[in-house]
Amino acid sequence: MRLSRYFLPILKETPSEASIVSHRLMLRAGMIRQASAGIYSWLPLGFKVLRKLENIVHEEQVRAGHIPMLMPTLQSADLWRESGRYDDYGQEMLRIKDRHDRDMLYGPTNEELITDIFRNSITSYKQLPQTLYHIQWKFRDEMRPRFGVMRGREFLMKDGYNFDLTKEDALHAYNRHLVSYLRTYERMGLKAIPMRADGGPIGGDYTHEFLVLADTGESEVFYDSDVTDLTFGSREIDYDDVAQCQAVLEEFTTRYARTDETHDEALYAEIPEERRRTARGIEVGQIFYFGTKYSEVMNAVVVNENGERVPVHMGSHGIGVSRLIGAIIEASHDDKGIIWPESVTPFKVGIVNLKQGDGEADAACNALYKELDAAGLEPLYDDRDERAGGKFATMDLIGLPWRLTIGPRGLKNGVVELTSRKTGISEELVPAEAVARLKAIYAAI
RNA sequence: CGGGCUAUAGCGCAGCUUGGUAGCGCGUUCGUCUGGGGGACGAAAGGUCGUGAGUUCGAAUCUCGCUAGCCCGACCA
């Protein structure tokens, strides 16, 4: 993409509405614009990141054997009356009437709808297990939206639902989700720690929240410092291997890690003092096993091998996709702007032409741009007639992990400069080497 | 939902106390110079002063209502 043709309305000054760093940077970098309280338009740069996060979520869900689909944002109130949640959910649920005066709602989650779909189609244990998910916009009418996309009213969420014959099967689904979430967050460059959590309005006996540690997090968390050393890494996983998934769950959840909701001072005190940690965290996902809570009230039953009609065991599992962008920025920025992890960056490399209009510089930039573009390295070429300082500031603000700087001075020696946004370290390379280096970097992501 | 605050040019703000010509910085446009970390000089465009009523000869400014948004708290992916 040539910057001169792109839509990137960056702001030099901070809009007064933003108080936390991710919100400020998303506004300044031209990623989002507020449409109304807690509701945002996603401008091209923000939208690009959002799509990358979605793709990672999709890939990891499919890898775990879960099946993508798409349910609507608007739902009929009838199903929610059936589950009893139409009254329980309270003012957070946005209620709407259609022209026939029917009660509708903008879905805050989809347990009822998916259960309805399930019960109308699945009748036998032979058709189990099933795990379906979608990535769809949700709406929760927060009393006080704030922090930009971290706590908006409209938000993009991946929510998945498993249907199993037995509790054991459902707990395996729970474990599968835990493993797939570990992989998902790590791919996004995040350290998200599973912590024992509270069921909330969705309910559930087994539930873990995934938290990214950040000073601006909404939850106070308590943990054994050993949990921050755990990484899933590139190990092989067979999602059908019950014992293997269970082992991962145990590895990641036996050490103490809890939010303030479930914090237990006595257990916390058992951790060696030097390993006790308290911090703040941003919740980026949650997994639940809730048994037959919905299947019983909504009559989601299958016939088992003895010919008996039994309610299915269910769980639901969410990842806050739009809020993840805020979490990533909170965890990865400096005073100049965002620092994107390579896996989610909107453009993989920025090209800065230091002297637009100079024949040699323009030619070198064009050639590199074309080559990088053809190689799938998603270059953003700053071909505006701006001064170097402005171009650098823009690149730093929008946070592309790599920058190629090209100017007459370097070209005289046949080199361009490749700079890491994260470390600030620059290297002078001949253009072909720079391309090869970038290819190698991204091949490893 | 309790408490606090704000609304004036695309963004950040001043002007309001004490009513009378709407201003500054950044950005934008044009020109000249400049050219490796938001450069300089000159010129220009851009405003229903959130909205409705009231007071007044006259309201951005005073009064009342409404709306929107922000911050702290409680609540929440």
Student: Within this structure, what is the CG-to-P distance between L25(A) and C11(B), rounded to whole angstrom?
Tutor: 19 Å

Student: Counting any heavy atom closer than 4.0 Å, what does R33(A) reach on the DNA or RNA strands: base, sugar-phosphate only, or nothing?
Tutor: nothing

Student: Going by an N to O cut-off under 4.0 Å, is there a salt bridge joining K336(A) and D334(A)?
Tutor: no

Student: Please identify which of these residues, F288(A), F290(A), Y289(A), meets the ring-ring contact (aromatic ring centres under 6.0 Å, His included) condition with Y206(A).
Tutor: Y289(A)

Student: Which residues in residues 408-436 of chain A have at least one heavy atom lying under 4.0 Å from any atom of RNA chain B?
Tutor: R409(A), G410(A), E417(A)

Student: Reckon G407(A) touches a base, only the sugar-phosphate, or nothing at all at heavy-atom distances under 4.0 Å?
Tutor: base

Student: Want to settle it: does L156(A) or K355(A) sit nearer the 5' end of RNA chain B, counting the closest nucleotide to each?
Tutor: K355(A)

Student: If stacking means aromatic ring centre less than 5.5 angstrom from the base's six-membered ring centre, planes under 30°, is F155(A) stacked on A77(B)?
Tutor: yes

Student: Are any protein N/O atoms closer than 3.5 Å to N/O atoms in nucleotides 40-45 of chain B? If there are, list each pair with its distance.
Tutor:
none

Student: Which is true for G152(A) with a 4.0 Å heavy-atom rule: it touches a base, it touches only sugar-phosphate, or it touches nothing?
Tutor: base

Student: Under 4.0 Å, heavy atoms only, any strand: does G389(A) hit a base, just the sugar-phosphate, or nothing?
Tutor: sugar-phosphate

Student: Calculate the interatomic distance between M143(A) atom CE and A74(B) atom P; express it in whole Å.
Tutor: 12 Å

Student: Checking all strands, does D385(A) fall into the base, sugar-phosphate, or nothing category for heavy-atom contacts under 4.0 angstrom?
Tutor: base

Student: Before accepting this row, confirm whether a basic side-chain N of the pair R151(A)/E218(A) lies closer than 4.0 Å to the acidic partner's carboxylate O.
Tutor: no

Student: One character per nucleotide, please: for nucleotides 24-32 of chain B, 5' to 3', B when the base has a protein heavy atom closer than 4.0 Å, S when only the sugar-phosphate does, - otherwise.
Tutor: -BBS-----

Student: Is a side-chain donor or acceptor of D383(A) paired with a backbone partner of S4(A) at a separation under 3.5 angstrom?
Tutor: yes

Student: Using modelled atom types and a 3.5 Å cut-off, is there a donor and acceptor pairing between side-chain atoms of H134(A) and backbone atoms of M71(A)?
Tutor: yes

Student: Got a sec, which pairs hit salt bridge (charged side-chain N to carboxylate O under 4.0 Å, His left out) with one end in residues 11-35 of chain A, sequence neighbours left out?
Tutor: none

Student: Angle class for the Y268(A)/F222(A) ring planes (parallel below 30°, perpendicular above 60°, tilted otherwise)?
Tutor: perpendicular

Student: Q356(A) near the nucleic acid: base, sugar-phosphate alone, or nothing, with a heavy-atom cut-off under 4.0 Å?
Tutor: nothing

Student: Could you verify whether a donor N or O on one side chain and an acceptor N or O on the other, from Y133(A) and D159(A), lie under 3.5 Å apart?
Tutor: no

Student: Rounded to the nearest angstrom, tell me the gap between atom CZ in R24(A) and atom P in C11(B).
Tutor: 18 Å

Student: For nucleotides 66-72 of chain B, read 5' to 3', which letter fits each nucleotide if B means a protein heavy atom sits under 4.0 Å from the base, S means only the sugar-phosphate is that close, and - means neither?
Tutor: ---SSBB

Student: What ring-ring contact (aromatic ring centres under 6.0 Å, His included) pairs are there with at least one residue in residues 345-365 of chain A, not counting sequence neighbours?
Tutor: Y6(A)-F347(A)

